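Small disclaimer: the values here were computed from a predicted structure and weren't measured.
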Amino acid sequence: AAYTLFKCSEALIELTECFNQKNFHMEINAQGMIIRSALYIIGFYGILSFSRSLTAAFALLTLLSFAVFLFFSLRKVRQISPFPVKIILNRKVLDILKSCFPIMVFELLASLIIAVPRLFFEQIGSLSALGIYNSVYTFVIFLQLVINVLIYTLAPYMAKAYHEHRGKD
């Protein structure tokens, strides 16, 4: 749960970075990355050496990430552009969210495919076997990534061909 919240805060920071990039202020993005890197390294090492808990370390990273978002990224982006604060849930937005829901579920399951086998194998296997498994599994994940890139690249063309073929029937 802490890692998921951490990724959510990172997504918010990336959103502000998109506005900075759109307004040609990449120096703000670089400053934010330097601040985050320093805070993450110091915080992660500090809490991990103090508590020996990975969950506590991710919880601290999440807090640091939200702090950087609130006190740096959001402030900077509001200085250079009107940042939309209100989210308007009209019919069009809800339709887009409904149509993108299966993609969100797919991406969630795809990320679980990577983590869940390692967690189970860690419980039943030795550390050396887990290392071998991770070496092989990393290669498999890389192949899966290449296949996904090809599918995502070809999907619009396949959809167009499918719809053209359906129109002829």
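- The minimum heavy-atom distance between Pro102 and Ser99, with the atom names listed, is CD-O, 3.5 Å.
- With hydrogens and angles ignored, the 3.5 Å screen pairs a side-chain donor or acceptor of Ser51 with a backbone N or O of Ile47.
- A distance of 10.0 Å separates CG of Leu39 from OG of Ser65, quoted to the nearest 0.5 Å.
- Side-chain contact between Arg36 and Phe72 is absent, with no heavy atoms from C-beta onward closer than 4.5 Å.
- Under the 4.5 Å side-chain heavy-atom criterion for grouping Ile, Leu, Val, Met, Phe, Trp and Tyr, Val68 is not connected to Ile42 through any hydrophobic cluster.
- Residues Ile13 and Met33 do not share a hydrophobic cluster, defined by chaining ILVMFWY side chains whose heavy atoms lie under 4.5 Å apart.
- With contacts defined as side-chain heavy-atom distances shorter than 4.5 Å, the pair Ile80/Ile28 qualifies.
- For the atom pair CZ of Phe24 and CE of Met26, the computed distance is 10.5 Å after rounding to the nearest 0.5 Å.
- When all heavy atoms of Gly46 and Ser49 are compared, the pair lying nearest together is O-OG, 3.1 Å.
- Taking CD1 of Ile35 as the start and CZ of Phe71 as the end, the distance is 13.0 Å to the nearest 0.5 Å.
- Taking OG1 of Thr16 as the start and NE2 of His25 as the end, the distance is 13.5 Å to the nearest 0.5 Å.
- Using a 4.5 Å cut-off on side-chain heavy atoms (C-beta onward), Arg52 and Leu48 make no contact.
- For the atom pair Leu74 CG and Gln79 CD, the distance stands at 10.5 Å (nearest 0.5 Å).
- Annotation: side chain to side chain contact (heavy atoms under 4.5 Å, CB included) contacts of Phe66 (sequence neighbours excluded): Ser9, Leu12, Thr62.
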Apply side-chain contact (heavy atoms from CB on, under 4.5 Å) to residues Leu60 and Phe44 and explain how you reach the verdict. CA-CA 7 Å; Leu60 178 68; Phe44 190 79; over 6 Å; no
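- A donor-acceptor contact shorter than 3.5 Å links the side chain of Asn29 to the backbone of Glu17.
- With values rounded to the nearest 0.5 angstrom, Asn20 atom CG is found 9.5 Å from Gln31 atom CD.
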